Amino acid sequence: MMRTRPLKVALLGCGVVGSEVARIMTTHADDLTARIGAPVELAGVAVRRPDRVREGIDPALVTTDATALVKRGDIDVVVEVIGGIEPARTLITTAFEHGASVVSANKALLAQDGAALHAAAQEHDKDLYYEAAVAGAIPLIRPLRESLAGDKINRVMGIVNGTTNFILDKMDSTGAGYQEALDEATALGYAEADPTADVEGFDAAAKAAILAGIAFHTRVRLDDVYREGMTEVTAADFASAKEMGCTIKLLAICERAEDGGSVTARVHPAMIPLSHPLASVRGAYNAVFVESDAAGQLMFYGPGAGGSPTASAVLGDLVAVCRNRIGGATGPGESAYAALPVSPMGDVVTRYHISLDVADKPGVLAQVATVFAEHGVSIDTVRQQGKDGEASLVVVTHRASDAALSGTVEALRKLDTVRGVASIMRVEGE
């Protein structure tokens, strides 16, 4: 039987994503009613600038008092798309206290305070859904915490930031330098005026924390994620990658240790073989590769940002939360029972591509090889090119720990024959 009393929704934020959420709620109202089993009504919209014209939104619904809106008591669901830590954190907890469930797209807040938000939702028997916080329209959070809930996930590796993927793809396909590719991304609207959060990996690190926590049933905070940006990636790095049959992507990698006793979460540029599915992800698209015991290898692909894709994920959560509300139930909350320790980056084991500037004279290769051996790092391949007394030496290792590699590089820098370390790149996906 269709419920006639509408479910009331408060929208916090009406920018690119919020305005699209409001538009879809209006234009697809009949479909949403049929799917939920009750009408949904936009009961209020909290904004910072009330005088701005917002097409399709009744000005009477607009308010600058977000706190009063979430405290009304008749709100069923609060949709938070304002971002940042405060006032979003206080508004979300206040919403729970006053009887509303919450749908959020706030990756930074969830990565920093997800445990506290889940605890508040549980305390008040309310839902906290956040599919839109990671990878835009791509269904990822729900498959990890529901569809794969009976499986053991071992690794989640993906491209979770469209801006960085666009830049690296341009560098790869056209030979452009980093700044040239960034300028194009900015002109096309893919990069913000200040791209730091994207190119330095902060955005991807927040998403990695969320993914790792869900995948491994362990609380992983933003501070637990190793982060390395992509601003130092050069055209020469891409040339080296192509010689190895690879390309370069900024990857978020969350993995369980081989013994199952710990997990790691990291974000950094890496070479991946052209045969790997992630290598073919072009432009501003996102993709996440999941490896589990029973399901094997899965890949989720699609647009990872933008008003419409992100709003699609928000509306999907809104439908689920409203259905729960009608049924008097709540969906899955935090699952952190495993409580695995998060290992430091030094314990991570992978392959490395190291480019050295060295003197072009006999014995250099032997010296370098000795340093690698003394630090327990096995060499896979070496390529040397020399001219006019200078040379470049490219070493690709077998799998080694980050700590061992760091010690090796420190020792290499002390050799008189090594002029400098041109680049160090991890090699993943093999």
Side-chain angles (χ1 to χ4, degrees), residues 16-17 81 83-84 105-112 130-141 144 156-173 178-179 181-212 220 222 225-233 237-238 247-254 265-272 276-290 299-310 312-313 425-426 428-429:
V16 173
V17 176
V81 288
N106 196 330
K107 54 187 172 287
L109 178 58
L110 288 158
Q112 178 172 307
Y130 43 92
E131 184 67 64
V134 180
I138 304 172
L140 185 58
I141 300 297
L144 287 178
V156 179
M157 179 172 76
I159 299 162
V160 295
N161 182 278
T163 300
T164 55
N165 199 58
F166 178 88
I167 293 169
L168 292 173
D169 183 37
K170 280 295 176 181
M171 293 176 70
D172 185 26
S173 60
Y178 166 75
Q179 188 60 50
L182 172 59
D183 290 344
E184 182 174 353
T186 303
L188 292 172
Y190 291 125
E192 301 286 347
D194 179 1
T196 302
D198 295 324
V199 300
E200 293 295 352
F202 291 101
D203 175 83
K207 295 169 182 176
I210 295 169
L211 292 174
V220 179
L222 181 58
V225 181
Y226 172 83
R227 178 194 54 78
E228 185 180 315
M230 48 155 280
T231 58
E232 300 301 318
V233 176
D237 292 325
F238 274 102
T247 188
I248 298 172
K249 299 291 186 182
L250 184 75
L251 297 178
I253 304 172
C254 314
R266 50 196 166 102
V267 169
H268 53 71
M271 294 182 179
I272 57 172
H276 195 282
L278 290 176
S280 62
V281 178
R282 310 301 297 268
Y285 276 73
N286 284 193
V288 177
F289 200 72
V290 178
M299 192 166 98
F300 302 84
Y301 169 84
S308 294
T310 306
S312 172
M425 187 80 64
R426 296 171 182 86
E428 301 285 349

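Here the structure is a predicted model, which is why all the values come from computation and not from measurement.
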Practice task
Evaluate the side-chain contact (heavy atoms from CB on, under 4.5 Å) criterion for residues K170 and L182: first the C-alpha distance (whole Å), next the side-chain angles of each, then the deciding distance (0.1 Å), finally the verdict.
Solution key: CA-CA 9 Å; K170 280 295 176 181; L182 172 59; over 6 Å; no

Handout entry: Side chain to side chain, L140 and L211, heavy atoms closer than 4.5 Å
Key = yes

Handout entry: Rounded distance (nearest 0.5 Å) linking atom NZ of K249 with atom CD1 of I159
Key = 4.5 Å

Exercise for the section: May I ask you to check whether over 12 heavy atoms, not counting those of Y130, lie within 6.0 Å of atom OH? Expected result: yes

Practice task
In sequence, state the C-alpha distance, the side-chain angles, and the governing distance for V233 and Y178, and then conclude on side-chain contact (heavy atoms from CB on, under 4.5 Å).
Solution key: CA-CA 7 Å; V233 176; Y178 166 75; over 6 Å; no

Practice task
Using modelled atom types only, decide if a donor and an acceptor are shared between the side chain of N165 and the backbone of G283 within a distance under 3.5 Å.
Solution key: yes

Exercise for the section: Please answer whether the main-chain N or O of V160 pairs with a side-chain N or O of K207 as donor and acceptor at a distance below 3.5 Å. Expected result: yes

Problem - Criterion side-chain contact (heavy atoms from CB on, under 4.5 Å) on F238 and T247, from CA distance to verdict - result: CA-CA 7 Å; F238 274 102; T247 188; 3.8 Å; yes

Practice task
Among V290, L278, V288, find the one that has a side chain to side chain contact (heavy atoms under 4.5 Å, CB included) with M299.
Solution key: L278

Problem - Side-chain heavy atoms of V134 within contact of N286, under 4.5 Å - result: no

Problem - Donor-acceptor contact below 3.5 Å, side chain R282 vs main chain D169 - result: no

Practice task
Only counting residues at least two apart or in another chain, list the ones meeting salt bridge (charged side-chain N to carboxylate O under 4.0 Å, His left out) with E232.
Solution key: none

Exercise for the section: Taking N106 for its side chain and A133 for its backbone only, find out whether a donor-acceptor pair lies under 3.5 Å. Expected result: no

Handout entry: CG-CG distance between D203 and D198, expressed to the nearest 0.5 angstrom
Key = 5.5 Å

Problem - For F289, all residues meeting ring pair (Phe, Tyr, Trp, His ring centres under 6.0 Å), sequence neighbours excluded - result: H276

Handout entry: Heavy-atom closest pair, residues A206 and L222
Key = N-CD1, 3.5 Å

Fill in the blank from the handout: Closest non-hydrogen atoms of I272 and A279, given as atom of the first, atom of the second and distance, are CD1-N, 3.5 Å

Practice task
Measure the OG-OH distance between S280 and Y285 for me, rounded to the nearest 0.5 Å.
Solution key: 13.0 Å

Handout entry: Closest non-hydrogen atom pair, E131 against I138
Key = OE2-O, 3.3 Å

Exercise for the section: Determine, stepwise, if the pair V267 / L250 fulfils side-chain contact (heavy atoms from CB on, under 4.5 Å). Expected result: CA-CA 7 Å; V267 169; L250 184 75; 4.2 Å; yes

Practice task
Please report the closest heavy-atom contact between A208 and V225, naming both atoms and the distance.
Solution key: CB-CG1, 4.2 Å

Exercise for the section: Please round to the nearest 0.5 Å and tell me the distance separating atom CZ of F166 and atom OG1 of T186. Expected result: 9.5 Å

Exercise for the section: Report the distance from atom OG1 of T164 to atom CG of L251, rounding to the nearest 0.5 Å. Expected result: 9.0 Å

Exercise for the section: Taking salt bridge (charged side-chain N to carboxylate O under 4.0 Å, His left out) as the test, write out the residues that go with D237, two or more places apart. Expected result: none

Problem - Closest contact, heavy atoms only, V81 versus A105 - result: CG1-CB, 4.2 Å

Problem - Heavy-atom side-chain proximity of T163 to P195 below 4.5 angstrom - result: no

Fill in the blank from the handout: For V220 and A212 the tightest heavy-atom approach is CG2-CB, 3.9 Å

Problem - Distance in Å, L110 CG paired with Q112 CD, rounded so as to fall on 0.5 Å steps - result: 10.5 Å

